[in-house]
Amino acid sequence: MPFHEMFEPDGSIRPCYAEVQNWVERTGIAGLNRRMDEAEAIFRRIGITFAVYGEGGDPERLIPFDLLPRIFTGQEWRVLDKGIRQRARALNAFLHDVYHRGEIVKAGIMPADIIYRNSAYLAEMADFTPPGKVYSHIVGIDIVRTGPTRFEVLEDNCRTPSGVSYMLENREIMTRMFPELFAQGVVAPVDDYPAELLKSLKEVAPPACKGDPVVVVLTPGSLNSAYYEHSFLADLMGVELVEPADLFVDNDRVWMKTTLGPKAVDVIYRRIDDEYIDPLVFRPDSLLGVPGIFSVYRNGGVTLASAPGSGIADDKAVYIYVPEMIRFYLGEQPILDNIQTWQCGKPDECAYVLENLHDLVAKEVHGSGGYGMLIGPKSTKDEIAAYADRIRANPGEFIAQPTLDLSTVPTLGPAAVVGRHADFRPYCLVGKQIRLVPGGLTRVALTEGSLVVNSSQGGGVKDTWVLQD
């Protein structure tokens, strides 16, 4: 049986959930569901949606919000905090290394082809050091709990991890609807995240910046699936939200068009993929990029956050080596473990995976959002056979992991509180300092027994509480 985070082994309520249990009993399931309807109405009125394309119908959807919080004790958070910060440091050290001397390859720890033949590796970034040696400025690390004291990393997101707007809005809704639960001040706040993000971005201003750095958020536009988040963060940071047409390059600087004339931009928090950012360097057919921006970046006229090419650290084949990165670059033992992972590019491991595919979770190394994966125990024989053929055709493009006993968290059902599997994504900010607000986004699989928590696959979100000692 998976570990249920609300209960002790003997079935009693864990002390950290005692107040939540009292609240459930006082309010009743029917009363909580009415509150859920109120929360959904608020989300809809505010316009917090995400987009799913290609499935027909209205692509704008409301992510299901669950009213019952996921809770970490102060002691649990201290372990997570140290492990997350450690991992963010190691990943940035790895990115600097692979775009310079490649010492981890020379040391025989990682094979060269996993890095240098990877589509996420950008040769155009070779021998360039971004300000502060920071490549990934917002590191989203997906963590699962597999026991009372065991946390494991599922994957790393070093490009543009999304979902932080839900972390902030979930807390806002909970505070608004249940002020009595926050009146005692036992839940650590997360509302300073936008201010901390702005500090981190300003700390990596380019050499050309003379004075208070001008920061903007660059969005592909209102049709992007995460547009709400782009505008939300720009608003909370008090900076401009710009589209590519709002920017231009002149005299080795990037300028923003304003009603008062051009204004120099120092730091761009970009939410546009690498290949689209500059049509002069990458895709010439891109209408989302700013011609010449990459040259300005390399010449120290602007900072791009995160750095182009940082996606190499997202790769699921690279993920396998993060514990070794921590030992190699930091001289430390990993605080958070990886999940056991088999590389299908290795013949012996591939043979094991193909033989046991019915018991494993297989994934594309470049996949994301819950797409392109196979959950063996939940799949038919035909689905497993078809996926096995894909692995045989291109084994290096796949990894496999055991089907984990993910912990379950209390979730509000129509007639009772039920347990549903969840993961956790904190957002670690990297500038001159590493910053981490006490909390993150808990994503929950709303279907009984499901292990897929992604919003695009029917998952929901809930507030995450870190209790202050």
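Nearest heavy atoms, Gly439 versus Val466: N-CG2, 3.9 Å. For the residue pair Ala415 and Ile29, the shortest heavy atom distance occurs at C-CG2, 3.7 Å. Of all heavy-atom pairs spanning Pro410 and Met6, the tightest one is CB-SD, 3.5 Å. When all heavy atoms of Val281 and Phe294 are compared, the closest pair comes out as CG2-CB, 3.9 Å. Of all non-hydrogen atoms in Ala234 and Leu241, the two that sit nearest each other are CB-CB, 3.9 Å. The two residues Leu91 and Cys158 come nearest to each other via the heavy atoms CD1-SG, 3.8 Å.
In this structure a side-chain-to-backbone donor-acceptor pair under 3.5 Å is present from Arg420 to Leu446. Remark: side-chain polar atoms of Glu349 are paired, donor with acceptor, to backbone N or O of Gln343 under 3.5 angstrom. At distances below 3.5 Å, not a single donor-acceptor pair connects side-chain atoms of Glu229 with backbone N or O atoms of Ala226. Using modelled atom types, no side-chain atom of Arg89 and backbone atom of Ile434 make a donor-acceptor pair closer than 3.5 Å. Without hydrogens or angle criteria, Ser200 side chain to Glu196 main chain gives a donor-acceptor distance under 3.5 Å. Judged by distance alone, the side chain of Thr341 and the main-chain N or O of Ile339 form a donor-acceptor pair under 3.5 Å. For Ser119 (side chain) and Arg117 (main-chain N/O), no donor-acceptor pair under 3.5 Å exists by modelled atom type. A donor-acceptor distance shorter than 3.5 angstrom exists from the side chain of Asp274 to the backbone of Gly309, with no hydrogens or angles considered. Judged by distance alone, with hydrogens and angles left aside, the side-chain atoms of Arg390 form no donor-acceptor pair with the main-chain N or O of Ala393 at under 3.5 Å. Thr73 places a side-chain N or O within 3.5 Å of a backbone atom of Glu76 that can act as its donor or acceptor partner.
Residues Ile272 and Pro244 meet the side-chain proximity criterion, which asks for heavy atoms closer than 4.5 Å. Using a 4.5 Å cut-off on side-chain heavy atoms (C-beta onward), Leu80 and Phe151 make contact. Using a 4.5 Å cut-off on side-chain heavy atoms (C-beta onward), Leu441 and Val164 make no contact. Side-chain contact between Phe232 and Leu168 is present, with at least one heavy-atom pair separated by less than 4.5 Å. Side-chain contact between Leu467 and Trp77: absent, with no pair of heavy atoms (C-beta onward) separated by less than 4.5 Å. In this structure, Pro220 and Glu243 have side chains that are not in contact, with every pair of non-hydrogen atoms separated by 4.5 Å or more. Two residues are said to be in side-chain contact when any heavy atoms from C-beta on lie closer than 4.5 Å; Leu233 and Tyr193 meet this criterion. Residues Asp66 and Val461 have side chains not in contact (no heavy-atom distance under 4.5 Å, counting atoms from C-beta outward).
The residues Asp81 and Arg85 are annotated as salt-bridged, a charged nitrogen and a carboxylate oxygen being separated by less than 4.0 angstrom. With respect to Glu332 and Arg327, no salt bridge is recorded, no charged nitrogen being found less than 4.0 Å from a carboxylate O. Ion pair Glu5/Arg14 not flagged as a salt bridge, since none of the NZ, NE, NH1 or NH2 atoms sits closer than 4.0 Å to an Asp/Glu carboxylate oxygen. A salt bridge does not link Glu364 to Lys316: none of the charged nitrogens lies less than 4.0 Å from a carboxylate oxygen. Between Asp273 and Arg159 there is no salt bridge, since none of the side-chain N atoms of the basic residue sits less than 4.0 Å from a carboxylate O of the acidic one. Between Arg298 and Glu124 no salt bridge is recorded (no basic side-chain N to carboxylate O distance below 4.0 Å). Comment: Arg150 engages Glu152 in a salt bridge, judged by a side-chain N to carboxylate O separation of less than 4.0 angstrom. Ionic pairing of Asp156 and Arg87 is present here: one or more N-O contacts between side-chain nitrogen and carboxylate oxygen are shorter than 4.0 angstrom.
Side chain to side chain, Asp10 and Ser12 meet the donor-acceptor criterion of an N or O pair below 3.5 Å. Under the 3.5 Å distance criterion, with hydrogens and angles disregarded, no donor-acceptor pair is assigned to the side chains of Thr27 and Arg35. Side-chain contact of Thr303 with His137: a donor-acceptor pair under 3.5 Å is absent, judged by distance alone. Residues Asn118 and Asp315 have side chains that bring a donor and an acceptor to within less than 3.5 angstrom of each other.
The structure places CZ of Arg425 at 5.5 Å from OG of Ser162, a figure rounded to the nearest 0.5 Å. Distance check, rounded to the nearest 0.5 Å: OG of Ser136 to CD1 of Ile138 gives 7.0 Å. Considering CD of Gln86 and CD1 of Ile335, their distance stands at 4.0 Å, rounded to 0.5 Å. The line from CG of Asp463 to CZ of Arg70 is 12.0 Å long, rounded to the nearest 0.5 Å. Here the straight-line distance linking atom CG of Asn92 with atom OH of Tyr329 works out to 11.5 Å at 0.5 Å rounding. In this structure, CD1 in Ile143 is found 11.5 Å from CD in Glu155, a value given to the nearest 0.5 Å.
The side-chain contact (heavy atoms from CB on, under 4.5 Å) search around Asp348 returns Lys346, not counting sequence neighbours.
Evaluation of the ring-ring contact (aromatic ring centres under 6.0 Å, His included) test over residues 398-428, restricted to residues two or more places apart or in two chains, returns Phe72-Phe424, Tyr387-Phe398.
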- Message: Could you go through Arg270 and Thr160, starting from their C-alpha distance and side-chain angles, then the distance that decides it, and tell me whether this counts as side-chain hydrogen bond (donor to acceptor under 3.5 Å, both in side chains)?
- Response: CA-CA 8 Å; Arg270 65 182 182 100; Thr160 51; over 6 Å; no

- Kindly indicate, with the supporting measurements, whether the criterion side chain to side chain contact (heavy atoms under 4.5 Å, CB included) is fulfilled by Val430 and Tyr135. CA-CA 9 Å; Val430 186; Tyr135 289 76; over 6 Å; no

- For Ile141 and Val139, what are the C-alpha separation, side-chain angles and deciding distance, and is it a side chain to side chain contact (heavy atoms under 4.5 Å, CB included)? CA-CA 6 Å; Ile141 297 173; Val139 183; 3.7 Å; yes

- Task: Report the C-alpha distance between His230 and Ser165 in whole Å, list the side-chain angles of each, state the deciding distance to 0.1 Å, and finish with yes or no for side-chain hydrogen bond (donor to acceptor under 3.5 Å, both in side chains).
- Result: CA-CA 9 Å; His230 306 165; Ser165 59; over 6 Å; no

- Task: Please assess Arg34 against Asp37 for the test salt bridge (charged side-chain N to carboxylate O under 4.0 Å, His left out), listing each intermediate value before the final yes or no.
- Result: CA-CA 5 Å; Arg34 284 195 296 272; Asp37 291 340; over 6 Å; no

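More than 12 heavy atoms of other residues, nucleotides or ligands lie within 6.0 Å of CD1 in Ile109, so this atom counts as buried by the packing criterion. Annotation: Gln75, atom CD; neighbour count of heavy atoms from other residues, nucleotides and ligands within 6.0 Å does not exceed 12. Within 6.0 Å of the NZ atom in Lys133, the count of heavy atoms belonging to other residues, nucleotides or ligands does not exceed 12. Within a 6.0 Å sphere centred on CD of Glu448, other residues, nucleotides and ligands contribute 12 heavy atoms or fewer.
Note: Tyr121 and Tyr99 have parallel aromatic rings, judged against thresholds of 30 and 60 degrees for the angle between ring planes. The aromatic rings of His4 and Phe7 sit perpendicular, their planes meeting at an angle over 60°, well past the 30° parallel limit.
Taking the six-membered ring for Trp and the full ring otherwise, Phe328 and Tyr321 have centroids separated by 6.0 Å or more. Ring centroids of Phe282 and Tyr276 are separated by 6.0 Å or more, keeping the two rings apart.
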